[in-house]
Q: 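Input: one structure, supplied below.
Computed from a predicted model, the values in this text were never measured in an experiment. Every chain is numbered from 1 and lettered A, B, ... according to where its sequence line falls, protein lines coming before strand lines.
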2 protein chains.
Amino acid sequence: MKKVVLIPDSFKETMSSLEICNIMKKSILSRFPGCETISIPVADGGEGSVDCFLDAMGGERVTVKVSGPFFNQIDSFYGLVDGGKTAVIEMAACAGLPLVGASKNPMAATTFGVGQLISAAAARGCKKIILGLGGSCTNDGGCGAAAALGVKFRDKDGKEFVPTGGSLKDIAHVDASLPDPLLKGIEIICMCDIDNPLYGETGAAYVFAPQKGADAGMVKLLDEGLINLAAVINSCLGTNPGEMPGGGAAGGMGAGMAVLLGAKLRMGIQTVLDLVGFDAVIKDADMIFTGEGKIDMQSLRGKVVIGVARRAKVQKVPVIAVVGDIGNGVEGAYNEGVTAIFSINNVAVPFEKAKLRCREDMALTMDNIMRLISVKTAGND
Amino acid sequence: MKKVVLIPDSFKETMSSLEICNIMKKSILSRFPGCETISIPVADGGEGSVDCFLDAMGGERVTVKVSGPFFNQIDSFYGLVDGGKTAVIEMAACAGLPLVGASKNPMAATTFGVGQLISAAAARGCKKIILGLGGSCTNDGGCGAAAALGVKFRDKDGKEFVPTGGSLKDIAHVDASLPDPLLKGIEIICMCDIDNPLYGETGAAYVFAPQKGADAGMVKLLDEGLINLAAVINSCLGTNPGEMPGGGAAGGMGAGMAVLLGAKLRMGIQTVLDLVGFDAVIKDADMIFTGEGKIDMQSLRGKVVIGVARRAKVQKVPVIAVVGDIGNGVEGAYNEGVTAIFSINNVAVPFEKAKLRCREDMALTMDNIMRLISVKTAGND
């Protein structure tokens, strides 16, 4: 083999995408020392996404002082890639759960800093902004970020304010006609892998607010706030963000970014594949290695392995998926372009034990795959 | 691929060797419809061994009435293969644990019927007898079988008798000079995969008699009986069977067969490989598939996978091991001729759950291996 592309998803709770790339690379080089390996650690939109893009593409990590989750000043950052034409931002960098520690409070937390990061990136002259929605501690419907970029929220008395989860219910009017002029001509793409709507039983508050510190009563208040936000947007802008798939991402930021700032919501893997120029990267590749913690019927909805396979299939590049568990209903994956799937489970133990040895298991499985590939066989007869 | 040889061990508690052969065959044919597959289900010497040989080689299953475990008349059988030149016998066919059900009694059980099977096979004109030692309910040191073949055991009063576990202590004299004349010129090979000696802490009684129904007191009596047997043999025949590795197999039958009837003890897999003419079978094979329930450092001592790999290495035929668990220290397997090892564990669950889905997992793993092999890749550059 002369050229191999490595593009695994992270394995939830066990290994980052970059770690997996490195294990794969070592295994491939030990058997094919002259092989070119291209590592594309996959950003999932959450914490670490910016570093993933910088690892995969090179670029500049820019630090900026912006508002933290509770309007406190913090050091945050974004990435500039593609010669400065594209900025990559993870909202977790200033509104992420790890930043609040034990002081979780989705009633009070804001995405204001995210808007400031977007503004800072725009000021650097980028033409496209990739915003990772993931790992948020907020439930403000993205109002904080929108406010930081010039969208005006007013209460029933006409008084302008920056809504947070707890004060969404007070919004009586919204004016999105005057966003930051720097945003003109800039495409904003939100990485968003969930389908949840803004509000309701499957919405941002009910599904995600509990892990951000909300008790049952708070969840109800937050949901009511999001319902009010949708109603005001509908009446002021003529757009109902309530039904939008993915609108509930990052405490409703998906919906807010889309309707208030014209952002597009896209599957994370598609964003990554486009940004790294995947189709060109794999043009002369002999093989692609991908993977995810569990491949199953859900994977067919567009997670990393299938996203990669669909692109690879067009160019007839073999795709080997090295995964944690192989669930039911994976047969469809082969039709989508996956050549073969191997689990890294090398002993019969439950996940709690398997995860402790996942790195050795990944290395062992990769090694055996490479050993099989190295065999001179009449396999193609 | 044009020709593939399948020679897996059984997976303990889960799948027989023949079942695994069939799953492997189906998978290979689904991807390489014209491929010749040769299945060699591996006999381990225990119950089912005769059928394994007959499946692998073809031949005749001969039924014979002989003594059962408690000198009761039963229908038993042996196999004739290799054009009648070789007989294969499993001692479990007339002295096996399943035959006694809840009436386990290693003090009273006899291998007399095994001797009768040997005699019957010899009378059919075979030149070689393969005797599988495994799954026994006896602890008679093989004295029953020896007696059936003309070896004389006498007590201190000179009275001839057929010793069982409980009466081994009464043996005062043994005469092995007049075995069944039919045995003349016949090679007897015992399949024996354990190293345990005849008696002592690691001997037949202490290690294996408890599963045959012996309590602690009985174990001690049985062990003393085996010690007496060894002493009498040593004094009458000038050979001490006490130290022989494998002498403790099948309730001491390993030692009895060796010193009283001149049998050879061999690893089961070596016996199988020789009998099926493995070296010739693999001559033009593209690949060999083998496997076992767990591959680990112990496997390197000569279990199925390594036994197969050592022969394959000479002819440079790739060997793929498809196994249950991959234990520690398997690196040595690659040096012995194993090309690659794949575990059938496709989800992280403990063995109790894994074994329920082992057939599906074997099929899935084989399918993915075949998919990888089918890829037209520049893998050999």
Q: Quick check for you: among B:Ala354, B:Cys35, B:Ser343, B:Pro350, which has the greatest number of heavy-atom pairs under 4.5 Å with chain A?
A: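 The option with the most such pairs is B:Pro350.
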Q: Counting heavy-atom pairs under 4.5 Å to chain A, which of B:Phe342, B:Phe351, B:Tyr334 comes out on top?
A: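 Winner by heavy-atom pair count: B:Tyr334.
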Q: For B:Ile320, which atoms come within 4.5 Å of any heavy atom of chain A: side chain, backbone, both, or neither?
A: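 For B:Ile320, the side chain is the part near chain A, not the backbone.
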Q: Flag the pair A:Lys26 / A:Asn22 as yes when at least one side-chain heavy-atom distance between them is below 4.5 Å, and no otherwise.
A: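 In short, these two side chains do not touch, never coming nearer than 4.5 Å.
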Q: For the interface with chain B, which of A:Thr365, A:Val323, A:Thr339, A:Asn346 has the highest count of heavy-atom pairs at distances below 4.5 Å?
A: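 Heavy-atom pairs under 4.5 Å are most numerous for A:Asn346.
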Q: When you look at NZ of A:Lys25, are more than 12 heavy atoms from neighbouring residues, nucleotides or ligands closer to it than 6.0 Å?
A: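 12 or below, so no.
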Q: Would you call B:Lys303-B:Asp193 a salt bridge at under 4.0 Å N-O?
A: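 Result for this pair is no, no salt bridge flagged.
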Q: Please classify the contact between A:Asp361 and chain B as side chain, backbone, both or neither, with a heavy-atom cut-off of under 4.5 Å.
A: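 Neither part.
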Q: Can you confirm whether B:Met1 sits close enough to B:Arg31 that some side-chain heavy atom of one is under 4.5 Å from a side-chain heavy atom of the other?
A: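 The answer is no; the side chains never approach within 4.5 Å.
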Q: Please examine the side chains of A:Arg357 and A:Ile344, heavy atoms only from C-beta on, and report whether any two atoms are closer than 4.5 Å.
A: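 Not touching, per the 4.5 Å side-chain cut-off.
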